[in-house]
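FYI, side chains are in, hydrogens and waters are out, and symmetry mates aren't considered; it's all heavy atoms of this structure. Below, read A as the first sequence line, B as the second, and so on, with proteins coming before strands; counting in each chain starts at 1. Everything numeric in this text was worked out from a predicted model, so none of it was measured.
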2 protein chains.
Amino acid sequence: MTDIIKRLPSLPSERALKVISGRWKAVILYHLFDGPRRLSQLRRLVPAISQKVLIQQLREMEEHGLVHREIFREVPPRVEYSATALGQSLEPVLLALCEWGQRHAQELGEFDQVGDCIIRPRQGA
Amino acid sequence: MTDIIKRLPSLPSERALKVISGRWKAVILYHLFDGPRRLSQLRRLVPAISQKVLIQQLREMEEHGLVHREIFREVPPRVEYSATALGQSLEPVLLALCEWGQRHAQELGEFDQVGDCIIRPRQGA
DNA sequence: TTTCATACTGACCAGTTGGTAACCATGACC
DNA sequence: GGTCATGGTTACCAACTGGTCAGTATGAAA
């Protein structure tokens, strides 16, 4: 069970969907786009997600080359997660998805039920 | 159980992902982008998918406003599935996903394992 | 020695998804 | 009455996903 990487779909669009899909991946990525984050920070930023699942999602993204994991041997231990260049390159794709999601909500008369696309937390406010 | 529509995620990007994700939705949509298709045609175009799942995916997309289903009361019966305007509006999004999927494959040294993005079947050839 | 923070891991479980295989209804045609 | 094509449905099942909850390891600090 060392290689958890299951062959990704050969159709590029399906491959992309497989890599991006995951209950919390978009949210986590949005936070990582803003800079490296520790596990404990992410837990605070996304309180709804359990620790196990958070790590699960991060590890999958690491496997798929979207996220870099760096361990600092301090005490208490520090682990930083950051978006790789490949991960960063997902930002416009996620934006496209977000905009389409808004259009979709609009055309189904549920526009009030969705948020906006700029959910990247600003450092200051 | 009349309304099968389960509330979609309120985060637009997740909403989009939920609507697009589905083992065969991208493939089916690509075929529908080219024009209306009968169920039997789609079965022939995507032989790997079983009839039950094909209908399942089509119905979900119908619910989500991506696909229109029209019944012609002939004998034998004819049913045509076509992409709605909302469905058509997914084309650039799927293209973005496809291009990113290729980049992803490339950076992971698996470029030979993915196809290209122009999988829309041409009428002629 | 107990406690604390950090970052995990493992057992277990329920819901969703995709899949197979079989069956149903209609009406033409022989 | 069979047979065919079309466009379904149904029962059943296995795998995957996300979820809870409890446990582990390290080393400093009290």
Side-chain angles (χ1 to χ4, degrees), chain A residues 1-9 11 14-15 17-28 32 36-64 67-82, chain B residues 1-9 11 14-15 17-28 32 36-64 67-82:
Chain A
M1 229 74 67
T2 41
D3 64 320
I4 319 167
I5 296 189
K6 298 144 195 166
R7 257 276 253 285
L8 290 167
L11 223 72
E14 291 186 356
R15 183 191 182 95
L17 283 169
K18 186 119 199 173
V19 168
I20 305 170
S21 294
R23 181 68 184 82
W24 300 99
K25 286 183 184 171
V27 183
I28 295 170
L32 294 187
R37 293 279 180 269
R38 303 182 56 173
L39 185 74
S40 47
Q41 285 181 295
L42 289 170
R43 271 201 294 161
R44 258 171 274 124
L45 289 165
V46 196
I49 183 172
S50 76
Q51 179 157 299
K52 191 203 95 171
V53 177
L54 174 57
I55 292 172
Q56 207 170 274
Q57 305 274 302
L58 284 165
R59 292 289 164 88
E60 279 178 34
M61 291 196 282
E62 192 192 358
E63 269 179 51
H64 293 146
V67 161
H68 173 70
R69 177 165 167 266
E70 187 153 15
I71 309 156
F72 298 85
R73 308 221 161 275
E74 306 170 357
V75 116
R78 183 159 64 98
V79 177
E80 268 187 10
Y81 294 91
S82 52
Chain B
M1 227 72 70
T2 40
D3 63 321
I4 319 169
I5 296 189
K6 298 145 195 166
R7 256 279 253 284
L8 290 168
L11 223 71
E14 290 186 357
R15 182 189 182 96
L17 282 169
K18 186 121 198 171
V19 169
I20 304 171
S21 294
R23 181 68 184 83
W24 300 99
K25 285 183 185 172
V27 182
I28 295 170
L32 294 187
R37 292 281 180 269
R38 303 181 57 172
L39 185 74
S40 47
Q41 286 182 295
L42 289 170
R43 272 200 295 160
R44 259 172 273 125
L45 289 165
V46 196
I49 184 173
S50 76
Q51 179 157 300
K52 190 204 96 172
V53 177
L54 174 57
I55 292 172
Q56 207 171 275
Q57 305 275 301
L58 284 165
R59 292 288 163 87
E60 279 178 34
M61 290 196 285
E62 193 191 358
E63 268 179 51
H64 293 145
V67 162
H68 173 70
R69 178 165 168 266
E70 187 154 17
I71 308 157
F72 298 84
R73 307 221 161 273
E74 306 170 358
V75 115
R78 184 159 63 100
V79 176
E80 268 187 9
Y81 294 91
S82 53

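Contact of the B:Val27 side chain with the B:Ile49 side chain is not registered, since no non-hydrogen atoms from C-beta on lie closer than 4.5 Å.
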Sugar-phosphate or base contact per nucleotide [nucleotides 20-30 of chain C; S, B, -; heavy atom under 4.0 Å]: B------SS--
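Rounding to the nearest 0.5 angstrom, the gap separating the CG atom in A:Leu8 from the NE2 atom in A:His64 is 4.5 Å. Taking CD1 of A:Ile28 as the reference point, atom CG of A:Leu42 lies at 6.5 Å (rounded to 0.5 Å).
A:Tyr81 pairs in a side chain to side chain contact (heavy atoms under 4.5 Å, CB included) with only one of the listed residues (A:Arg38, A:Glu70, A:Arg37, A:Arg59), which is A:Arg59.
Atom-to-atom, CG of A:Leu39 to P of C:dT9 comes out at 10 Å; the value is rounded to the nearest Å. A straight line from CG of A:Leu58 to P of D:dG18 spans 13 Å, rounded to a whole angstrom. The distance from atom CZ of B:Arg37 to atom C1' of D:dT6 is 18 Å, rounded to the nearest whole Å. Distance CD1 (A:Ile71) to C1' (C:dA7): 10 Å, rounded to an integer number of Å. D:dG18 atom C1' lies 13 Å from atom CG of A:Leu54, rounded to whole Å. When the C1' atom of C:dA5 is taken as reference, atom CD of A:Glu74 falls 13 Å away, rounded to whole Å. Taking atom CH2 of A:Trp24 as the reference point, atom C1' of D:dT17 lies 13 Å away to the nearest angstrom. Rounded to whole Å, the distance from NZ on A:Lys18 to P on D:dA15 is 14 Å.
Side-chain nitrogen and oxygen atoms of B:Arg23 include none within less than 4.0 Å of the OP1 or OP2 phosphate oxygen of C:dT17. A close approach under 4.0 Å does not occur between any side-chain nitrogen or oxygen of A:Arg78 and OP1 or OP2 of C:dA7. Checking the phosphate oxygens (OP1, OP2) of D:dT9, no side-chain nitrogen or oxygen of B:Gln56 falls inside 4.0 Å. Taking only side-chain nitrogens and oxygens, B:Ser40 comes nearer than 4.0 Å to OP1 or OP2 of D:dG7. Taking 4.0 angstrom as the limit, B:Arg59 places a side-chain polar atom (N or O) nearer than this to OP1 or OP2 of D:dT9. Taking only side-chain nitrogens and oxygens, B:Gln41 never comes nearer than 4.0 Å to OP1 or OP2 of D:dT6.
Backbone-only contact: A:Gln57 has heavy atoms under 4.0 Å from sugar-phosphate atoms and none from a base. No contact: B:Arg43 has no heavy atom under 4.0 Å from any strand. B:Tyr81 comes within contact range of the sugar-phosphate backbone alone, with a heavy-atom separation under 4.0 Å but no base atom that close.
Heavy-atom nearest nucleotides on DNA chain D were determined for A:Gly22 and for B:Glu80, and the one closer to the 5' end corresponds to B:Glu80.
Counting only residues at least two apart or in different chains, salt bridge (charged side-chain N to carboxylate O under 4.0 Å, His left out) contacts with residues 39-57 of chain A are absent.
Taking every heavy atom of both residues into account, A:Gln57 and A:Gly22 meet most closely at OE1-C, 3.6 Å. Residues A:Lys25 and A:Ile20 come closest through the heavy atom pair CB-O, 3.5 Å. The two residues B:Ser21 and A:Leu17 make their nearest non-hydrogen contact at OG-CD2, 4.1 Å.
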